[in-house]
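Chain naming here is simple, since letters A, B, ... match the order of the sequence lines and numbering starts at 1 in each.
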Number of protein chains: 2
Amino acid sequence: MTEYLEILHRSPLFRGIEAKELSALLDCMGARPRRIKKGDTVLAAGERATHLGIVLAGRVQVSRLKADGQRIVMGEIRPGQLFAESFACAQAEALPVTAIAGADGAVLLLDSGRLSAPCSAACAFHGRLISNLLSVLAHKNLALAGKVEILSGRTIRERLLAYLEDLCLKAGKNTVTVPFDRQALADYLCVDRSALSRAIGQLREEGVLEVDRGKFTLKQL
Amino acid sequence: MTEYLEILHRSPLFRGIEAKELSALLDCMGARPRRIKKGDTVLAAGERATHLGIVLAGRVQVSRLKADGQRIVMGEIRPGQLFAESFACAQAEALPVTAIAGADGAVLLLDSGRLSAPCSAACAFHGRLISNLLSVLAHKNLALAGKVEILSGRTIRERLLAYLEDLCLKAGKNTVTVPFDRQALADYLCVDRSALSRAIGQLREEGVLEVDRGKFTLKQL
DNA sequence: CCTCACTTGTTGTAACTGCAACATTGGGAG
DNA sequence: CTCCCAATGTTGCAGTTACAACAAGTGAGG
């Protein structure tokens, strides 16, 4: 656990909580890190949504499977970030999404009940924790709204460019590495993979885009 | 204000707070109801996101205008429900959405700073308020995820049916009244209005759907 | 070096969409 | 009742997409 304290301390969930206090807090909540290997299912759709997850190392991909077999990739979670927290906080009956490890690493699963229930030992930080969680949920909301904006594009071209521009804006440069392979990127944009390939090819031919594996460079911004 | 206390008391934000305490709480936060007329701009895009809104009567439509002029209708807010709360809680620089009254009514705007800052008089209920807000944000997240699922449909037909099935599921019957006119429904589904009309016509001809103005009946579920 | 599995790119085609322009409908004001 | 206007439906068309099937590229392991 010790090796991950630094990551946890930087997590938005524990902002403002001292490292030594953090350790006690985690003990109190019975948190144990769990190692994951690429491809492992961290949380499966259908489970009761009792726990929220924090990525300690590696990355976790959250996706949803529709009845017709279509997959929607909701996003990729990086170290320090949370996943499944909305479902846990909303006390959803069944988890509608699946979380899969995108690389070897580790996660921490926290019982949301224990997180929000008053705990005699750690009550001093409890308010802070809830307040942080509020902020995390709010930002997650903004991210989701951003995803809606991407999906509002009516052509693959529009959606891809909206996504890449968003990434570039956040990265502060015009070259970004997409954390998905082509199929996952297509599922993230909710389009067909081969059609996405065609759109990428066109954009490259037009000189709008430069592509090298997962590295995209926007030539004009 | 008194006329709206009942609505507020039933709002998820004030769950578990007694009616008489509620009144004091509102005073303490300096909340004043504001009457709105159909078409009024309640919150404008670009404003600092300092306040969250609660609909007291009527309805409020939240939409976002893209750079290319395309409008995205995010949703319709009904009495007791909140809007713009994510932006307020995330302390967003500028509001990315616009809130417009869809009918005559009234709203309450609450300063999110005052909501989360400790208040000597109402501190007893403060924790409750934050906890409720957490739940509201979590549920809003689920709603947004639902919208993403709707937008993941690759044809207008799929999106419309996903939306209507969702409404029917929530209503518990197979006849629902859509709170949008055709243009707003198209903007909600992020498709062209005339193409939406065409899709509705096809579904009706096939006997899948019965339509009367804004009233849709799913013949087969 | 080769094989094999997996990822990515390519292409033809039918179907669907966005767009624009126009027809129709329905309800409110006078 | 009639007029008027906004909402809704209709249609032709060019462009885009999903789908399927296949080709090319890539990397790990023997």
- Item | salt_bridge(B:Glu6, B:Arg10) N-O dist < 4.0 Å | yes
- Task: Can you tell me the distance, in whole Å, between the CG atom of B:Leu203 and the P atom of C:dT17?
- Result: 10 Å
- Message: Atom CD of residue position B:Gln183 - does it have more than 12 heavy atoms of other residues, nucleotides or ligands inside 6.0 Å?
- Response: yes
- Message: Using a 4.0 Å heavy-atom cut-off, does A:Asp181 contact any base of the nucleic acid, only the sugar-phosphate backbone, or nothing at all?
- Response: sugar-phosphate
- Euclidean distance, atom CG of residue B:Leu161 to atom C1' of C:dC16 [Å, nearest integer]: 15 Å
- Message: Using whole Å, what does the distance between atom C1' of nucleotide C:dT17 and atom CG of B:Leu160 come to?
- Response: 15 Å
- Message: Check this for me: does any side-chain nitrogen of one of A:Lys219 and A:Glu206 sit under 4.0 Å from a carboxylate oxygen of the other?
- Response: no
- Message: On DNA chain D, does the nearest nucleotide to A:Arg193 precede the nearest nucleotide to B:Ile200 from the 5' side, or the other way round? Give the residue.
- Response: B:Ile200
- Item | NZ/A:Lys66: more than 12 non-hydrogen atoms of other groups inside 6.0 Å | yes
- Query: Where does the chain A footprint on DNA chain D start and end, counting 5' to 3' with a 4.0 Å heavy-atom cut-off?
  - Reply: D:dT16 to D:dA20
- Query: Quick one: B:Gln183 CD to C:dT25 P, roughly how many Å, whole number?
  - Reply: 21 Å
- Message: Do B:Val97 and B:Phe87 have side chains that approach each other closer than 4.5 Å (heavy atoms only, starting at C-beta)?
- Response: yes
- Query: Looking at B:Arg35 and B:Glu3, does any basic side-chain N land under 4.0 Å from a carboxylate oxygen?
  - Reply: yes
- Any residue of residues 146-159 of chain B with a heavy atom less than 4.0 Å from an atom of DNA chain D: B:Arg154
- Query: When you measure from the centre of the six-membered ring of B:Tyr163, is the NZ or CZ of B:Lys147 under 6.0 Å away and within 45° of the axis?
  - Reply: no
- Task: Supply the atom-to-atom distance A:Leu82 CG to A:Leu137 CG, rounded to the nearest 0.5 angstrom.
- Result: 8.5 Å
- Message: Rounded to whole Å, how long is the line connecting atom CG of B:Asp192 with atom P of C:dT17?
- Response: 10 Å
- Interatomic distance where CD belongs to A:Gln202 and P belongs to C:dT10 [whole Å]: 11 Å
- Figure out the CG/P separation between B:Leu189 and C:dG18, and round it to whole Å. 10 Å
- Examine distances only and state if a side-chain atom of B:Asp104 and a backbone atom of B:Lys37 form a donor-acceptor pair shorter than 3.5 Å. no
